[in-house]
Asker: 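Handing you this structure, nothing more for now.
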Amino acid sequence: MNFVIEHLSKRFEDKEVLRDIGFTFESGKIYGLLGRNGAGKTTLFNCLNRDIRADGGSFWLEENGNRREIAADDLGYVLSTPTVPEFLTGREFLKFFLEINEKSIRDPKSIDDYFDYMSIEPDDRDKLLKDYSHGMKNKMQMLVNIIAQPNVLLLDEPLTSLDVVVAEEMKQLLRTLKQGRVTIFSTHIMDLALDLCDEIVLLNHGELERVERSNPDGREFKEKILAALREEGYE
């Protein structure tokens with residue numbers, strides 16, 4: 001399965017943020033989307049999630065040579081600022097999500113099994129989500145997307161609010177979940193992208209550019225990335 005973007009563009013007044021973007025993402029890989037703050041990474045994700053309307057272009061899934069439109073349940077989106085219903089407890093939220101999606105969830109597990117899977121402590125499961133830390137809310141947002149098993153998973157800076165141990169657990173989890181789906185991981189931290197991702201893609205001057213990983217651990221590779229980002233104004 002491939003996720004294909006063709007001629008995608010977006011402008012805000014006189015600022016062209018996305019410029020005729022074309023790219024093919026392959027399933028089974030984690031793509032690191034790198035770019036300076038303000039380069040348009042979140043705008044790209046919002047266009048793909050149809051939260052905002054693109055000015056032009058299209059995107060679709062390609063399976064066995066057949067092209068089909070992206071459906072709502074094909075795509076999962078983990079926001080950098082987690083959005084959860086804070087008037088519910090963690091357990092109530094998860095129960096509600098499981099109930100409204102019961103027909104589409106494959107191999108459902110018990111609520112506590114899901115909490116265990118995300119290393120959410122028993123004492124936290126019946127707390128109101130408004131009392132969760134930023135990192136805990138992010139875990140819940142990640143969990144419902146994992147349960148839904150989308151074909152395309154968009155991750156917008158999902159690890160920046162997590163402590164070192166939890167962030168490492170989440171990286172290992174993402175590695176185990178990458179088969180059979182396209183994962184696009186937006187970050188401004190180059191070392192994180194190099195550690196986690198199979199492919200590095202730069203959002204540079206409003207366009208996507210793949211960086212070949214001939215020597216991914218070498219200084220020359222990092223300098224190539226930094227040179228492109230500095231050209232865009234990244235520090």
Asker: Report yes or no: does Ser27 contribute a side-chain atom to a donor-acceptor pair with the main-chain N or O of Val182 at less than 3.5 Å?
Answerer: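 Here the side-chain-to-backbone pair does not exist.
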Asker: Kindly give the heavy-atom pair with the smallest separation between Leu98 and Ile147, and that separation in Å.
Answerer: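 Taking Leu98 first and Ile147 second, the nearest heavy atoms are CD2-CG2, 4.0 Å.
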Asker: Any link between Ile52 and Phe59 through a network of hydrophobic side chains (Ile, Leu, Val, Met, Phe, Trp, Tyr) touching at under 4.5 Å?
Answerer: yes
Asker: Hey, are the side chains of Phe93 and Val144 touching, using non-hydrogen atoms and a 4.5 Å cut-off?
Answerer: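 SC-SC contact between Phe93 and Val144 confirmed.
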Asker: Compare every heavy atom of Pro82 with every heavy atom of His134, then report the nearest pair and how far apart it is.
Answerer: CE1-CD, 3.3 Å
Asker: Assess whether side chain to side chain contact (heavy atoms under 4.5 Å, CB included) is satisfied between Arg125 and Ile111, documenting all intermediate values.
Answerer: CA-CA 10 Å; Arg125 300 175 187 184; Ile111 289 175; over 6 Å; no
Asker: Under 4.5 Å between side-chain heavy atoms, hopping through other hydrophobics if needed: is there a path connecting Met136 to Leu128?
Answerer: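 As far as the 4.5 Å side-chain criterion goes, Leu128 and Met136 are not connected within one cluster.
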Asker: Ignoring hydrogens and geometry, is there a side-chain-to-backbone donor-acceptor pair from Asp156 to Val78 under 3.5 Å?
Answerer: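 Judged by distance alone, no pair lies under 3.5 Å.
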Asker: Can you name the residues that form a side chain to side chain contact (heavy atoms under 4.5 Å, CB included) with Ser58, not counting sequence neighbours?
Answerer: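 Counting only residues at least two positions away or on another chain, Ser58 forms a side chain to side chain contact (heavy atoms under 4.5 Å, CB included) with Glu6, Trp60, Arg67.
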Asker: Report yes if some heavy atom in the side chain of Arg210 is under 4.5 Å from a heavy atom in the side chain of Glu199; otherwise report no.
Answerer: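 Side chain of Arg210 against side chain of Glu199, heavy atoms only: contact under 4.5 Å found.
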Asker: Applying ring pair (Phe, Tyr, Trp, His ring centres under 6.0 Å), which residue pairs with at least one partner in residues 1-49 are found, sequence neighbours left out?
Answerer: Phe23-Phe25, Phe25-Tyr31, Phe45-Tyr77
Asker: Please, which pairs that meet salt bridge (charged side-chain N to carboxylate O under 4.0 Å, His left out) have at least one residue in residues 145-155, sequence neighbours excluded?
Answerer: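 As it turns out, there is no salt bridge (charged side-chain N to carboxylate O under 4.0 Å, His left out) pair with a partner in residues 145-155 once direct neighbours are skipped.
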Asker: Going only through I, L, V, M, F, W and Y residues with side-chain contacts under 4.5 Å, is there a path from Leu94 to Phe87?
Answerer: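 As far as the 4.5 Å side-chain criterion goes, Phe87 and Leu94 are connected within one cluster.
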Asker: Apart from Phe96 itself, what residues make up its hydrophobic cluster when side-chain heavy atoms of I, L, V, M, F, W and Y under 4.5 Å apart count as a link, directly or indirectly?
Answerer: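 Ile100, all in the cluster of Phe96.
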Asker: Can you tell me how far CG of Asn138 sits from CG of Leu79, rounded to the nearest 0.5 angstrom?
Answerer: 9.0 Å
Asker: Would you call Leu173 and Ile146 a side-chain contact if the rule is heavy atoms closer than 4.5 Å?
Answerer: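 Yes. Closest side-chain heavy atoms under 4.5 Å.
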Asker: Flag yes if Val4 and Val201 sit in one hydrophobic cluster, no otherwise; membership is Ile, Leu, Val, Met, Phe, Trp, Tyr, and two members link when side-chain heavy atoms are under 4.5 Å apart.
Answerer: no
Asker: What closest approach, in Å, do Gly90 and Met140 show between heavy atoms, and which atom pair accounts for it?
Answerer: O-CE, 3.7 Å
Asker: List the steps and the verdict of salt bridge (charged side-chain N to carboxylate O under 4.0 Å, His left out) for Lys139 and Asp124.
Answerer: CA-CA 12 Å; Lys139 271 191 169 188; Asp124 292 322; over 6 Å; no
Asker: Taking Arg181 for the side chain and Leu177 for the main chain, is one N or O donor matched with an acceptor at less than 3.5 Å?
Answerer: yes
Asker: Side chains of Ser9 and Arg19: closer than 4.5 Å at any heavy-atom pair?
Answerer: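 The answer is no; the side chains never approach within 4.5 Å.
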Asker: If you look only at pairs with a residue in residues 72-93, which of them pass as a salt bridge (charged side-chain N to carboxylate O under 4.0 Å, His left out), with sequence neighbours excluded?
Answerer: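 Only Arg68-Asp74, Glu86-Lys137, Arg91-Asp112, Arg91-Asp126 qualify under salt bridge (charged side-chain N to carboxylate O under 4.0 Å, His left out).
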Asker: Check the pair Leu34 / Leu203 against side chain to side chain contact (heavy atoms under 4.5 Å, CB included), numbers first and verdict last.
Answerer: CA-CA 6 Å; Leu34 283 172; Leu203 183 53; over 6 Å; no
Asker: For Asn145 versus Pro150, what's the shortest heavy-atom pair and its separation?
Answerer: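 For Asn145 and Pro150, the tightest heavy-atom pair comes out as O-CD, 3.1 Å.
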Asker: What's the spacing between Leu143 CG and Met118 CE if we round to 0.5 Å?
Answerer: 5.5 Å
Asker: In a check of side-chain contact (heavy atoms from CB on, under 4.5 Å) between Leu18 and each of Leu44, Asp55, Ile5, Leu208, which one passes?
Answerer: Leu44
Asker: Are side-chain heavy atoms of Asn151 and Leu61 found at a separation under 4.5 Å?
Answerer: yes
Asker: Looking only at atom types and distance, does a side-chain atom of Lys41 sit under 3.5 Å from a main-chain N or O of Gly35, one as donor and one as acceptor?
Answerer: yes
Asker: Can a side-chain donor-acceptor contact be found between Asn66 and Asn64 if the only test is distance below 3.5 angstrom?
Answerer: no
Asker: Is a side-chain N or O of Arg11 found less than 3.5 angstrom from the main chain of Val17, in a donor-acceptor match?
Answerer: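 Not confirmed, Arg11 side chain does not pair with Val17 backbone.
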Asker: Could you check whether any side-chain heavy atom of Cys47 comes within less than 4.5 Å of a side-chain heavy atom of Lys10, counting everything from C-beta outward?
Answerer: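 In contact.
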Asker: Got a sec, which residues hit salt bridge (charged side-chain N to carboxylate O under 4.0 Å, His left out) with Lys109, two or more places apart in sequence or on another chain?
Answerer: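 Per chain and number, Lys109 pairs via salt bridge (charged side-chain N to carboxylate O under 4.0 Å, His left out) with no residue.
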Asker: Could you check if a side-chain atom of Met170 sits within less than 4.5 angstrom of a side-chain atom of Met142, using non-hydrogen atoms only?
Answerer: yes
